[in-house]
There are 2 protein chains.
Amino acid sequence: MENHRSYCAINLGLEVFGDKWSLIIIRGIMFEGKRHFRELLQSDEKIASNILTDRLAMLEREGIITKEGDPEHKQKIIYSLTQKGIDLLPILTQVVVWSFKYMPIDIEVNRHAKMVAEGGNEMQEAIKQQLRKEHLKS
Amino acid sequence: MENHRSYCAINLGLEVFGDKWSLIIIRGIMFEGKRHFRELLQSDEKIASNILTDRLAMLEREGIITKEGDPEHKQKIIYSLTQKGIDLLPILTQVVVWSFKYMPIDIEVNRHAKMVAEGGNEMQEAIKQQLRKEHLKS
DNA sequence: TGCAACCAGTTGCATTTTACAATTAAACAT
DNA sequence: ATGTTTAATTGTAAAATGCAACTGGTTGCA
């Protein structure tokens with residue numbers, strides 16, 4: 001049996017990704033095409049390798065990502081999003097929209113984010129479809 | 001000068017509300033009509049009073065809430081959302097939508113959340129308008 | 001075959017944050 | 001006057017995070 005702080009919808013979501021790193025990792029996989037540990041380690045925010053290990057395990061446990069060996073490179077591991085992970089896109093998108101309105105955004109650094117934020121629902125659906133193609137094996 | 005981990009839009013948002021408590025507090029003010037310290041302390045998730053104090057100060061510093069003395073009760077303090085705080089509604093809404101799809105939601109506990117999640121854009125606009133009326137003095 | 005570089009972590013330890021419980025000072029109600 | 005309510009504060013233990021070094025295997029290349 002799992003132990004939740006409460007069964008409020010907002011809380012249940014926050015229990016999974018309500019921390020400083022989880023959505024940063026999802027961003028890397030979702031928007032920056034990162035699929036390997038080493039790539040995710042290289043973010044501007046400088047996540048520590050033990051924290052990255054911990055969060056990847058948690059995200060896998062929660063069914064948001066999957067891991068598998070890279071058939072081309074026996075020492076590499078490929079991280080993929082599940083549908084549950086892909087469905088975090090609307091949350092990420094709204095974070096971007098809010099930050100564009102209120103935070104000191106570097107427009108150059110956030111070209112792609114700006115596109116997502118301004119692209120509306122059709123842009124999101126296009127991205128989701130692309131992600132399904134690249135991440136879901138079925 | 002502020003010290004940001006990075007100037008990525010997603011990161012800048014997470015630096016403000018990317019933790020286990022900030023959005024729980026916003027939820028209390030936004031959806032449960034809580035305006036006093038004591039009310040916010042009474043959530044199901046049982047936030048500790050020192051953490052609540054800390055987060056309220058942070059949210060005020062970030063311009064997401066304001067505090068003012070209650071004219072009716074000199075020992076009470078009223079917490080209000082700013083427009084920046086009200087604009088967190090779409091993020092909260094998407095968290096609710098995601099949790100309804102993937103987490104073990106207690107439907108009874110989340111009647112209001114379900115309404116928000118299913119209400120679409122017009123529902124959100126109605127809520128925003130109501131919040132502006134109750135929280136913004138202008 | 002030998003060797004350096006690469007990969008996904010792991011380990012140990014210091015620092016920071018959070019949790020928990022008790023306490024406080026001012027304001028208020030009776 | 002006295003007890004209650006309010007928004008906190010304080011002290012301390014526990015947990016999470018940050019940091020740097022290290023590991024055991026893999027790969028590319030000479």
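Since the model is a prediction, treat every value here as computed from it, not as a measurement. Chain letters run A, B, ... following the sequence lines, proteins first and then strands; every chain starts at 1.
Rounded to an integer number of Å, the gap from A:R5 CZ to C:dA19 C1' is 12 Å. Atom CG of A:L40 and atom P of C:dC7 are 13 Å apart (whole Å). Atom pair A:L41:CG and C:dA8:C1' shows a separation of 10 Å (rounding to whole Å applied). Atom NZ in A:K20 sits about 11 Å away from atom C1' in C:dT17, given to the nearest Å. Rounded to whole Å, the distance from NZ on B:K34 to C1' on D:dT6 is 16 Å. We find that CD1 of B:I47 is positioned 16 Å from P of C:dT17, with the value rounded to whole Å. Here the P atom of nucleotide C:dT10 and the CZ atom of A:R38 are 13 Å apart, to the nearest Å. Rounded to whole Å, atom P of C:dA27 lies 18 Å from atom CZ of B:F37.
A:W21 has no side-chain polar atom (N or O) that falls below the 4.0 Å cut-off from OP1 or OP2 of D:dA16. Contact between the side-chain N/O atoms of B:H36 and the OP1/OP2 oxygens of D:dT6 is not found at any separation under 4.0 Å.
Ring geometry for B:Y7 against B:H4 counts as perpendicular: the plane angle is over 60°, on a 0 to 90° scale with 30° as the lower cut.
Between B:D44 and A:R5 there is no salt bridge, since none of the side-chain N atoms of the basic residue sits less than 4.0 Å from a carboxylate O of the acidic one. Looking at A:R27 and A:E32, a side-chain N of the basic residue comes within less than 4.0 Å of a carboxylate O on the acidic one, giving a salt bridge.
Taking the six-membered ring for Trp and the full ring otherwise, B:H36 and B:Y79 have centroids separated by 6.0 Å or more.
Residues from residues 50-77 of chain B with heavy atoms under 4.0 angstrom of DNA chain D, sorted by number: B:N50, B:T53, B:K67, B:Q75, B:K76, B:I77.
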Self-check item: Working for side-chain hydrogen bond (donor to acceptor under 3.5 Å, both in side chains), residues B:N50 and B:T53
Solution: CA-CA 5 Å; B:N50 53 346; B:T53 299; over 6 Å; no
Exercise. Tell me, with the steps shown, if B:I24 and A:N11 meet side chain to side chain contact (heavy atoms under 4.5 Å, CB included).
Key: CA-CA 7 Å; B:I24 291 290; A:N11 177 61; 3.8 Å; yes
